[in-house]
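In what follows, a single structure is set out as structure tokens and then discussed.
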Amino acid sequence: MKKSIMKAMAVLPLAAVLVSCGRATIDPNDYLEVKYDGLDTAARASFTVDYEQMVKDNLKAFGIKDEDDDHDIERAASKLQKYLGGELDKTKQLSNGDTITFEWDDDKVEKLEKKYKIKLKVEDKSIIVKDLEEAKEFDPFEYITLEYSGVGPDAYAKIKVDSDFPVSYNYFKATPSSGLSNGDKVKVTFGSSSSDSDYIKEECFEEGYLPTLFEKEFKVDGVQSYISKIDDVEKASYDRMDKYARNEFDKLVKTWEKKKLQDIELVGVNLYTPKDKNAYWGKNALCFVYKVTTNKPEGFKDDKEEEKATEAATEAKTEAATEAAAEAETTAANAEEAAKAEDAKTTTTTAKDDKKSETTTTTAKADDKKDDKKTDKDTYEYYYFTSFVNVLTPDNKDKDYPASNVQKPEYFNFFGVSGDAFVNGNVLFEGFETLDDLNKAMESKYPSSKCETNIKKK
């Protein structure tokens, strides 16, 4: 509800009727009243002329015998209003101390003086504006908050006005209001444009307030954006995604029948970002890569171990042949030099003993290798992944992970296994045999992309 501030500033006492030559002299300014609506610097002025009272104060001059003769009084007042008028030279944006003038229009006064026994003393009236109330100043931007929705660079701004905003007019406009990213500048105006300031002032003044500012610039901050490098990922987000991936993997382990988990280790992440911003698969994909260690279940066929066994057998045959040749050579040397001096025989014997010592050392090393290989034979390692697509920063902690969706190994097991899995013997493994196989599969999932990794090459 608007508050109207009205003050009568120039109500003058009734004119004394002066009779000269049988005519009543009337000063119209005695019947002029000027009022103000509004506050200092933005007040409006209006006026009224009490023509009816002018007639009542001079009944005889207007040829009216009885003050109760309302009909004749109204008719005379109507004539005065028709031929004696005027207006204020300024009616808007008034302040205390301003001088305004009421300018009479006396072009048709003679008609009135001929019809009635009156003499009109018509002079313009100057009035000094005073006693206007001052407005309470306020900064409208202290009562608003810019809220952002969406993801940069396509976020948009919405202006929220506090419930305790001091005036009823509360329209604000943000430019631009869409296509925003962190660091962008947004201009907010109180009103639809800066040219509305005069109108808004009047609206606010009517309620006793004066805005001190009509335009302000804001810097966009806190808008979520898609990560473009690994360093963009907050540590808390990184840990939360890792935790989510491990929890999901634990669910998978519970379905295993032929193998048992020994260990799962996060070896690092690959970040895929599209070269084309309109890529169908998303804005980014953060792939968590794990090395999984299991036991070697029954039915498992390890091609690598078979290769190692073949190599070991070949190596053993080679060593045996070498030893046999050395022995034969030593025997021949002994036969040929049987007749030689005792010291040469002793040297030959010592050489033979050295050969046997070398053979013993070689055999010990081979036994150590066999012990190490025995440990390797008990476990098997392969690679697993969990990808988070469209990862955002800052993190939205209301979700299990700061991304739009999650991708885990997918495969078909119909007349053979295809997809993100492989079979060894009669055992199914979700994932990839080697890190290279995993990387190639990710390149296929996220084509035409750049890859950043923190996985160390071995």
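When a residue number appears, it is its place in the shown sequence, counting from 1.
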Can I get a per-line list of side-chain donor-acceptor pairs under 3.5 Å for residues 135-159, giving both atom names and the distance, sequence neighbours left out?
from   : atom 1 : to     : atom 2 : distance (Å)
Asp139 : OD1    : Phe141 : N      : 3.0

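- Contacts of Lys90 classified as salt bridge (charged side-chain N to carboxylate O under 4.0 Å, His left out), with partners at least two apart in sequence or in another chain: Asp98.
- Between Gln93 and Thr41 the shortest side-chain heavy-atom distance does not fall below 4.5 Å.
- For residues 407-417, the side chain to side chain donor-acceptor pair (under 3.5 Å) pairs, not counting sequence neighbours, are Glu248-Lys408, Gln407-Tyr446.
- Between Ile26 atom CD1 and Arg23 atom CZ the span is 11.0 Å, to the nearest 0.5 Å.
- Asn295 places a side-chain N or O within donor-acceptor distance of the main-chain N or O of Lys260, the cut-off being under 3.5 Å.
- With hydrogens and angles disregarded, no donor-acceptor distance shorter than 3.5 Å links the side chain of Asp263 to the backbone of Thr293.
- A salt bridge does not link Arg240 with Asp400: none of the charged nitrogens is closer than 4.0 Å to a carboxylate oxygen.
- One finds a salt bridge joining Lys56 and Glu52 here, because a Lys/Arg side-chain nitrogen approaches an Asp/Glu carboxylate oxygen to under 4.0 Å.
- The pair Glu202-Lys92 does not count as a salt bridge, with every side-chain nitrogen at least 4.0 angstrom from each carboxylate oxygen.
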Worked check of ring-ring contact (aromatic ring centres under 6.0 Å, His included) between Tyr209 and Tyr169: CA-CA 11 Å; Tyr209 288 90; Tyr169 184 91; over 10 Å; no
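- Considering Tyr244, Phe288, Tyr401 as possible partners of Tyr238, the one that fulfils the ring pair (Phe, Tyr, Trp, His ring centres under 6.0 Å) test is Phe288.
- Within 6.0 Å of NZ on Lys445 lie more than 12 heavy atoms contributed by other residues, nucleotides or ligands.
- A distance of 10.5 Å separates CG of Leu392 from CD of Glu234, quoted to the nearest 0.5 Å.
- Shown here for Gly85 and Tyr51, the closest heavy-atom pair between the two residues is CA-OH, 3.9 Å.
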Leu80 and Met54: CA distance, side-chain angles, deciding distance, side chain to side chain contact (heavy atoms under 4.5 Å, CB included) verdict: CA-CA 9 Å; Leu80 286 172; Met54 196 182 299; 3.9 Å; yes
Name every donor-acceptor pair, under 3.5 Å, that has one atom in a side chain of residues 222-232 and the other anywhere in the protein, sequence neighbours excluded.
from   : atom 1 : to     : atom 2 : distance (Å)
Gln224 : NE2    : Pro394 : O      : 2.8
Ser228 : OG     : Asp232 : OD2    : 3.2
Lys229 : NZ     : Asp232 : OD1    : 3.1
Asp232 : OD2    : Ser228 : N      : 3.0
Asp232 : OD2    : Lys229 : N      : 3.2

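- Considering only heavy atoms from C-beta on, Asn170 stays 4.5 Å or farther from Phe190 through its side chain.
- One finds no salt bridge joining Asp436 and Lys440 here, because no Lys/Arg side-chain nitrogen approaches an Asp/Glu carboxylate oxygen to under 4.0 Å.
- Listed by chain and number, the residues in a side-chain hydrogen bond (donor to acceptor under 3.5 Å, both in side chains) with Asn270 are Tyr272, Asn439, Thr453 (sequence neighbours excluded).
- Contacts of Lys259 classified as salt bridge (charged side-chain N to carboxylate O under 4.0 Å, His left out), with partners at least two apart in sequence or in another chain: Glu430.
- We find the OG1-CG distance between Thr386 and Leu286 to be 10.5 Å, quoted to the nearest 0.5 Å.
- Rounding to the nearest 0.5 angstrom, the gap separating the OG1 atom in Thr48 from the CG atom in Leu32 is 7.0 Å.
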Working for ring-ring contact (aromatic ring centres under 6.0 Å, His included), residues Phe432 and Tyr383: CA-CA 5 Å; Phe432 300 90; Tyr383 292 89; 9.3 Å; no
Criterion side chain to side chain contact (heavy atoms under 4.5 Å, CB included) on Leu261 and Val292, from CA distance to verdict: CA-CA 8 Å; Leu261 179 66; Val292 180; 3.7 Å; yes
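- Ring pair Tyr382/Tyr380 is parallel by interplanar angle, where below 30° counts as parallel and above 60° as perpendicular.
- Nearest heavy-atom pair across Ser237 and Val233 is CB-CG1, 4.2 Å.
- For Glu103, the CD atom sits in a packed shell: over 12 heavy atoms of surrounding residues, nucleotides or ligands are nearer than 6.0 Å.
- When the ring pair (Phe, Tyr, Trp, His ring centres under 6.0 Å) test is applied to Phe47, the partners found at least two apart in sequence or on another chain are Phe102.
- Applying the ring pair (Phe, Tyr, Trp, His ring centres under 6.0 Å) criterion to Phe62, with sequence neighbours excluded, gives Tyr116.
- Taking a 6.0 Å sphere around NZ of Lys82, one finds it holds 12 or fewer heavy atoms contributed by other residues, nucleotides or ligands.
- The local environment of CZ in Phe412 is sparse, with at most 12 non-hydrogen atoms from other residues, nucleotides or ligands closer than 6.0 Å.
- The salt bridge (charged side-chain N to carboxylate O under 4.0 Å, His left out) analysis of residues 67-80, with sequence neighbours excluded, yields the pairs Asp72-Arg75.
- Partners of Lys235 by side-chain hydrogen bond (donor to acceptor under 3.5 Å, both in side chains), not counting sequence neighbours, listed by chain and number: Asp239.
- Among residues two or more places apart in sequence or in another chain, the salt bridge (charged side-chain N to carboxylate O under 4.0 Å, His left out) test is passed with Asp50 by none.
- Taking the salt bridge (charged side-chain N to carboxylate O under 4.0 Å, His left out) definition, one finds that Lys291 meets it with Glu265, sequence neighbours left out.
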